[in-house]
There are 2 protein chains.
Amino acid sequence: MQKKVQKKIRARRAPTETDVAKLAGVSQSAVSRAFTPGASVAKATREKILKAAQKIGYQTNLMARSLATSRSNIVALAISNLENPFYAQVVKELSERLRDTGRHILLFTTKIDGTADPELERVLSYQVDALILTATTASIELTDQCQKNGIPIVQINRESKISGISTVRGENQKAAEQIAQFLIAGGHKNFAFIGGTKDSNTSQIRQHAFASHLKSLGFPQVQIAFGDYSFEGAAAATRQILNSKKPVDAIFCASDYMAFAALDVVRREFGLKVPQDISIVGVDDVPEASHSAYDLTTYSQPAASLAEEAIKIIDQQIAHPGRRAMRREVRGELILRGSARLPDNSIFTIDGKKVWRS
Amino acid sequence: MQKKVQKKIRARRAPTETDVAKLAGVSQSAVSRAFTPGASVAKATREKILKAAQKIGYQTNLMARSLATSRSNIVALAISNLENPFYAQVVKELSERLRDTGRHILLFTTKIDGTADPELERVLSYQVDALILTATTASIELTDQCQKNGIPIVQINRESKISGISTVRGENQKAAEQIAQFLIAGGHKNFAFIGGTKDSNTSQIRQHAFASHLKSLGFPQVQIAFGDYSFEGAAAATRQILNSKKPVDAIFCASDYMAFAALDVVRREFGLKVPQDISIVGVDDVPEASHSAYDLTTYSQPAASLAEEAIKIIDQQIAHPGRRAMRREVRGELILRGSARLPDNSIFTIDGKKVWRS
DNA sequence: TCATTCTTTGCATACGCATGCAATAGAGGT
DNA sequence: ACCTCTATTGCATGCGTATGCAAAGAATGA
């Protein structure tokens, strides 16, 4: 029995606080405290510990920490529509801001505008600190579960009737009304609206505000089609509108991404001049909207602000668990570019951008 | 002392296996086994347990599971360039595939092509099962740490000289050579290349293959500029090229996203006709490349395949921890659209797409 | 019927960190 | 010099799940 069984060296266990403690000649709890901001450790001890930790490459095991504290510093982010650059931007903004506060994103991609995947119900398994939904809505069951466990939910760019859900959105109502007025002021007579999915409440709000505002100004007829927030869908919707017998000289699209599709179809398939023959207006002001290939007139919805507000809400909800859901509206502007005929008045230049304010 | 202190009801603790066990009249370990595929539980017991779990809404606590098993079912994904639709697509593909195998993505956004953020070094804290880098490269320190802990690293679309890192990429060399031949066959005489960042090895490979292939075919002069993989950067690079005294009638861009910028500048700022006056070719074949506003000729790099291969590698590395890093090349095609003049020959139609094969 | 093998179950413990509590050491005051 | 108070430390335990081991039960074969 001289030969002892050799220990597995294969996947060397990551160093733990106990290892650090041994090396530094202190207890494991001292090490834990050294890595807990605000905990009670003498300065000298702390430094000794940090040095030892450094030496053996210790990294806090966040799984263990989460288990012990039941907080993970992870935020779940569900997103349905990453091919739309607007949401890519939102993800990026959220990611950077959360990173700066030491948190990370657990990413879920879901189907477009379906109420959040059953998949999402598993987020709770990860003890996430919060749940952000962009372009999706939470089911009632999910909301219930989250509320029971004190996990705040924020929806970006979608309304909610459920009382436990906070929302952050752009000026849906105002955007649609401004665009209606703007198009009328520009001399347009025949209007169409391309919505997202039929059950997207954001799209519904815009559609209703657009149609009823037009009506109140003497234009009761608006053609409606749905592009399902996809490029191909919006292209089809555009064809449908242009192929109908009714005249059209202005289309308002519920997103820039769909407006790009409309521009493509209008120009290439129908040979129309923009904006002479027809005007196209979007919502979002994604970076591509300013690219000259599109040069899209659009009502802005600043992704950075949406992200910022969403995180503010989360933080407040975490700090004050009792507090009820919050609703925030982020302001935008009607940014004027080449895809829509201009009225004679109410045009301002702000920060080098032409905007329209009724 | 009649009045007992009321228990906090506020944030009701999530049910645990112990709770389920109590309700089902079994031990906690039985419950654990009921949720572990392949574990030894009688069918009847299992069903009893599942019913009880269902009833009180039990969800496995993945933090605890990770701690116990030291596997998290989380894959870290670092991405530098989400505004480029190509990477948005890659993220989406990865996300869907990982979801289907019960894993999730921990998302890190980093600066463009810097070697991975120091931030990334913390991924180890999350006990992630693997690390995927898209459009970024891992530092040697990070690689070391990952190797010690048996965490496989895969880089998508970036080479690596470090032996521990697996890579998945498109046909960088071949793409550049084919494009060189294609442009020459199309009668172009004066070439330019717009690269990404100077230290992107993918860009370097394409640049070198393009230039040296052109040279070997009798065209030793190629103008080079860098767009840093950004839209604005590529626009500036295009201006620089067109403002130089040298004639140019073909620009090869290291990504579609940059090619879009080139098209914008060439058409609008310089009033050139594409492809009559100048041809633009990209790499990636993002969805936007087929939109008629751009209609870009490009060498494809299928995001779905890249994602698939990356995950295959990860799975193999996890299954066989000893195995050395792997390199995969995913095939593409030179897809012909309207942004480049066509040669007379070697044009094929495959799946409804026009392609060019030397 | 009894011995043997296989299946199912519970017990006990480990995973790595956080934290209440008690113990100790040091600081300050008189 | 003695007492009080505070800052620092270690001990012990808990967080929720997984798993080796042994016990108990069921099934099989002779």
Original post:
Are more than 12 heavy atoms from other residues, nucleotides or ligands located less than 6.0 Å from atom CD1 of B:Ile140?
Top reply: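 Not buried by this count: 12 neighbours or fewer within 6.0 Å.
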Original post:
Under 4.0 angstrom, heavy atoms only, what part of the nucleic acid is B:Ser70 near: base, sugar-phosphate, or nothing?
Top reply: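 Nothing: the residue B:Ser70, judged by heavy atoms under 4.0 Å, touches no strand.
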Original post:
Is B:Val31 touching bases, backbone alone, or none of the nucleic acid, heavy atoms closer than 4.0 Å?
Top reply: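 Since no nucleic acid heavy atom lies under 4.0 Å of B:Val31, the category is nothing.
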Without decimals, in angstroms, what is the distance between [X] [atom1] and [N] [atom2]?
X	N	atom1	atom2	result
A:Arg65	C:dC17	CZ	C1'	8 Å
A:Asp19	C:dC15	CG	P	11 Å
B:Glu17	C:dG10	CD	C1'	14 Å
B:Tyr126	C:dG16	OH	C1'	16 Å

**OP:** Sequence neighbours left out, what pairs pass ring pair (Phe, Tyr, Trp, His ring centres under 6.0 Å) with at least one residue falling in residues 90-109 of chain A?
**Re:**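 Every pair satisfying ring pair (Phe, Tyr, Trp, His ring centres under 6.0 Å) with a residue in residues 90-109 of chain A: A:His104-B:Phe108, A:His104-B:Tyr126, A:Phe108-B:His104.
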Subject >> Pairs where residues 15-44 of chain A contributes a residue and the test ring pair (Phe, Tyr, Trp, His ring centres under 6.0 Å) is met, not counting sequence neighbours >> reply: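 Every pair satisfying ring pair (Phe, Tyr, Trp, His ring centres under 6.0 Å) with a residue in residues 15-44 of chain A: A:Phe35-A:Tyr58.
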Give me, pair by pair, the N or O atoms of the protein and of nucleotides 19-28 of chain C that are less than 3.5 Å apart, along with how far apart they are.
unit_1	atom_1	unit_2	atom_2	d
C:dG20	O6	A:Arg33	NH2	2.8

How would you list, by chain and number, every residue that makes a side chain to side chain donor-acceptor pair (under 3.5 Å) with [X], sequence neighbours excluded?
X	answer
A:Ser29	A:Ser27
A:Asn84	none
B:Gln317	none

Original post:
Can you pull the salt bridge (charged side-chain N to carboxylate O under 4.0 Å, His left out) pairs that have at least one residue in residues 26-41 of chain A, sequence neighbours excluded?
Top reply: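 Of all non-adjacent pairs touching residues 26-41 of chain A, none passes salt bridge (charged side-chain N to carboxylate O under 4.0 Å, His left out).
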**OP:** Can you tell me which residue pairs pass the salt bridge (charged side-chain N to carboxylate O under 4.0 Å, His left out) test with a partner in residues 57-74 of chain A, sequence neighbours excluded?
**Re:**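 Sorted result for residues 57-74 of chain A: A:Arg71-A:Asp129.
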**OP:** Give the first and the last nucleotide of DNA chain D, reading 5' to 3', that has any atom under 4.0 Å from a heavy atom of chain B.
**Re:**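 Range of nucleotides within reach of chain B: D:dG16 to D:dC21.
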Original post:
Looking at DNA chain C, which of residues 52-64 of chain B put a heavy atom within less than 4.0 Å of it?
Top reply: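 Result for residues 52-64 of chain B: none.
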**OP:** Kindly calculate the angle separating the two end axes of the helix from C:dT1-D:dA30 to C:dT30-D:dA1, each obtained from five base pairs, and round it to 10 degrees.
**Re:**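 If I round to tens, the end axes sit 30° apart.
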Original post:
Of A:Phe35 and B:Val26, whose nearest nucleotide on DNA chain C comes first from the 5' end?
Top reply: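 Counting from the 5' end, the first nearest nucleotide belongs to B:Val26.
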Subject >> Side-chain donor or acceptor of B:Arg328 paired with backbone N/O of B:Ser166 under 3.5 Å >> reply: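 Side chain of B:Arg328 to backbone of B:Ser166, a donor-acceptor pair under 3.5 Å: no, none is there.
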Original post:
Counting N and O atoms only, with roles assigned by atom type, does the side chain of A:Ser80 sit under 3.5 Å from a partner on the main chain of A:Ala135, one being a donor and the other an acceptor?
Top reply: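 It does hold such a pair.
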Original post:
Does OP1 or OP2 of C:dG16 have a side-chain N or O of A:Thr16 closer than 4.0 Å?
Top reply: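 Indeed not, no polar side-chain atom of A:Thr16 lies that close.
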**OP:** Could you tell me which residues satisfy salt bridge (Lys or Arg N to Asp or Glu O under 4.0 Å) with A:Lys22, sequence neighbours excluded, listed by chain and number?
**Re:**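 Salt bridge (Lys or Arg N to Asp or Glu O under 4.0 Å) list for A:Lys22, sorted by chain: empty.
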Subject >> Test applied, side-chain contact (heavy atoms from CB on, under 4.5 Å); reference residue, B:Val90; option that passes from B:Thr134, B:Asn157, B:Ile132 >> reply: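 Only match with B:Val90 under side-chain contact (heavy atoms from CB on, under 4.5 Å): B:Thr134.
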Subject >> Distance-minimising heavy-atom pair for B:Val330 and B:Leu306 >> reply: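 Smallest heavy-atom distance, with atoms named: CG2-CD2, 3.8 Å.
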